[in-house]
Q: 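Okay, here's the structure, questions in a sec.
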Amino acid sequence: MKSIIPAAGLGTRFLPGTKVTPKEMLPVLDKPVIQYVVEEALAPAEVDECIIVSSPSKPQIASYFTRDPGLEDLLRSRGKDVYADAIAEAGSVPVSFCYQSEPRGLGHAVRCASFATSGEPFFVLLGDYVVPDKKILPRMKEVSDAHGGASVIAVAACPADEVSRYGIIAGEPVGAVADFPGATGDEEGAVWRVTGMVEKPAAGDAPSRLFAVGRYLLSPRVMELLSDQRPGAGNEIQLTDAMVRAMAEEEFYALVIDVHEGYDTGTPAGWIATNARLAAADPRFAAAFREAMEA
Ligand code: UTP
């Protein structure tokens, strides 16, 4: 089974910071955002490879995941084995690349990796969204397995007055994952049967307050539907549009996660918040972080 990581977007909301450094390469603490995503993508036992959809203008991502024996040797000769090991590890993960020649939307980026999925279900992980504890994908797989291999998306609850910023699901709660028995409604661990998705609804019109957060486990049918998916909002090929078409044909589920379980690093504010939360929780950085905040 494959994990697809779209990472070919323009990163407009983080300019000028992303003019020459892709947003997926910005470090969170001591490693780039995309390394967290790759580690998470490879966590489920069923996943044997992850495919990064990159852009020809972002060669740094492929460089990062390539061994650099010269640098490794130099570091070792200087007694810096810990750093040599860290870069060797980044160059050894089972990652391959395909390229989206121009950013034509998330659905188009996923479609660029269709050659790799060979008619099997696949995960999609947005390349700028970090989930440090890596528990979401295995739970999504559990939900899919319980429903005959159905598609499952991760969703989180937003305040009712913020629904107009997101893609909101319609549907009803139908159960819970094993780690959260009895969870229902908007609670972490609840499972919903999804019947539709509404982009940026007005507060009064929203069918729920659960929004898609950037983790998907999709059936092969979604990839088939993407192949002839027409451009939608923003004249881009939208993954949501293909998912909504799939919902008319087959069962589709959502797993509710805690909104604080994942971090969107695609804007300066989100990236700063991600660094702050992870620094405060990491024994290597917590003291320096607290001292800086209290100064
Ligand atoms: P975003 O919409 O957050 O990324 O897509 P973006 O388009 O780079 O952001 P802005 O609006 O310009 O600031 C989520 C993920 O999907 C990838 C992005 O790289 C990001 O990791 N993506 C998006 C693609 O790979 N191709 C696309 O055409 C669009």
Side-chain angles (χ1 to χ4, degrees), residues 2-28 31-41 50-65 95-117 122-131 136-137 153-156 158 165-167 197 199-200 211-218 222-223 226-227 229-243 262-274:
K2 310 295 179 200
S3 287
I4 300 173
I5 303 179
L10 275 182
T12 320
R13 290 165 297 161
F14 216 136
L15 285 168
T18 48
K19 184 182 171 205
V20 291
T21 305
K23 65 176 167 180
E24 295 83 3
M25 288 304 299
L26 295 173
V28 165
K31 59 188 185 188
V33 167
I34 191 117
Q35 187 171 338
Y36 292 87
V37 183
V38 165
E39 287 171 6
E40 184 197 350
C50 93
I51 294 104
I52 296 177
V53 184
S54 188
S55 156
S57 64
K58 295 179 165 184
Q60 301 93 328
I61 302 179
S63 300
Y64 180 77
F65 288 106
V95 174
S96 63
F97 286 83
C98 66
Y99 290 87
Q100 186 187 27
S101 53
E102 50 178 325
R104 294 176 56 197
L106 179 59
H108 183 262
V110 171
R111 187 164 94 189
C112 289
S114 63
F115 69 93
T117 56
F122 56 96
F123 286 107
V124 175
L125 297 88
L126 298 192
D128 57 358
Y129 185 78
V130 168
V131 181
I136 296 179
L137 302 194
I153 60 174
V155 296
C158 66
R165 290 166 43 183
Y166 301 105
M197 276 189 88
E199 277 303 325
K200 303 185 169 59
F211 66 100
V213 296
R215 294 294 181 263
Y216 310 81
L217 168 49
L218 297 173
V222 178
M223 191 63 96
L226 272 175
S227 67
Q229 184 61 51
R230 300 260 176 95
N235 205 28
E236 294 187 334
I237 295 174
Q238 300 288 351
L239 181 60
T240 304
D241 291 345
M243 292 196 306
Y263 307 94
D264 182 357
T265 66
T267 63
W271 177 80
I272 290 164
T274 307

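Whatever order the structure lists them in is the order used to number ligands and atoms, beginning at 1.
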Q: Test your reading of the model: is there a side-chain donor-acceptor pair from Thr18 to the backbone of Gly11, 3.5 Å cut-off?
A: yes
Q: Taking the side chain as every heavy atom from C-beta outward, state whether Val33 and Thr274 have any atom pair closer than 4.5 Å.
A: no
Q: Taking Lys23 for the side chain and Gly127 for the main chain, is one N or O donor matched with an acceptor at less than 3.5 Å?
A: no
Q: Give the atoms of ligand 1, by number and element, whose distance to some non-hydrogen atom of Glu24 is under 4.0 Å.
A: 18 (C), 19 (O), 20 (C), 21 (O)
Q: Tell me if a side-chain donor or acceptor on Tyr64 pairs with a main-chain N or O of Pro32 at a distance below 3.5 Å.
A: no
Q: For atom 11 (O) of ligand 1, what's the nearest protein heavy-atom neighbour? Residue, atom name and distance, please.
A: Arg13 NE, 3.2 Å
Q: Could you go through residues 106-114 and list every donor-acceptor pair under 3.5 Å that involves a side-chain atom there, pairing it with any protein atom two or more places apart or in another chain?
A:
unit_1 : atom_1 : unit_2 : atom_2 : d
His108 : ND1    : Gln100 : NE2    : 2.9
His108 : NE2    : Arg104 : NH1    : 3.3
Arg111 : NH1    : Leu226 : O      : 2.8
Ser114 : OG     : Arg111 : O      : 3.0

Q: Is there a polar contact, in the sense of an N or O pair closer than 3.5 Å, between Pro6 and ligand 1?
A: yes
Q: Look at atom 16 (O) of ligand 1 and find which of Asp128, Ile5, Leu106, Val53 reaches it with the closest heavy atom.
A: Leu106
Q: For the side chain of Gln60 and the backbone of Pro22, is there at least one donor-acceptor N/O pair under 3.5 Å apart?
A: no
Q: Could you identify the single nearest non-hydrogen protein atom to atom 26 (N) of ligand 1 and state the distance to 0.1 Å?
A: Gln100 OE1, 2.7 Å
Q: Nearest heavy atom to atom 29 (C) of ligand 1: which of Gly214, Gly105, Ala109 does it belong to?
A: Gly105
Q: Check each atom of ligand 1 against the heavy atoms of Arg104 and keep those under 4.0 Å away; list them by number with element.
A: 28 (O)
Q: Mind checking whether Leu10 has an N or O less than 3.5 Å away from an N or O of ligand 1?
A: yes
Q: Distance below 4.0 Å between atom 5 (O) of ligand 1 and any protein heavy atom?
A: no
Q: Measuring only between side-chain heavy atoms, which start at C-beta, is Leu218 closer than 4.5 Å to Thr117?
A: no
Q: Got the closest protein heavy atom to atom 25 (O) of ligand 1, with its distance?
A: Ala8 N, 2.7 Å
Q: Below 4.0 Å from ligand 1: does a non-hydrogen atom of Lys23 turn up there or not?
A: yes
Q: Out of all atoms in ligand 1, which are within 4.0 Å of some heavy atom of Gly127? Include the element for each.
A: 21 (O)
Q: Do any N/O atoms on Glu102 end up under 3.5 angstrom from N/O atoms on ligand 1?
A: no
Q: Let me confirm one number: the CD1-CZ distance from Ile52 to Phe97, rounded to the nearest 0.5 Å.
A: 4.0 Å
Q: The criterion is side chain to side chain contact (heavy atoms under 4.5 Å, CB included); which residues satisfy it with Leu10, sequence neighbours excluded?
A: Thr12, Pro103
Q: Return the residue, atom name and 0.1 Å-rounded distance of the protein heavy atom closest to atom 8 (O) of ligand 1.
A: Gly11 N, 2.8 Å
Q: Heavy atoms only: give me the nearest Arg215-Tyr129 pair and the separation to one decimal.
A: NH2-O, 2.5 Å
Q: Out of Val130, Asp128, Thr265, which one pairs with Trp271 under the side-chain contact (heavy atoms from CB on, under 4.5 Å) rule?
A: Thr265
Q: What is the closest protein heavy atom to atom 12 (O) of ligand 1, and at what distance does it sit?
A: Thr12 OG1, 2.6 Å
Q: Quick check: does Gly9 get an N/O under 3.5 Å from an N/O on ligand 1?
A: yes
Q: Answer yes or no for His108: is there a heavy-atom contact with ligand 1 below 4.0 Å?
A: no
Q: With a 4.0 Å cut-off on heavy atoms, is Gly266 touching ligand 1?
A: no
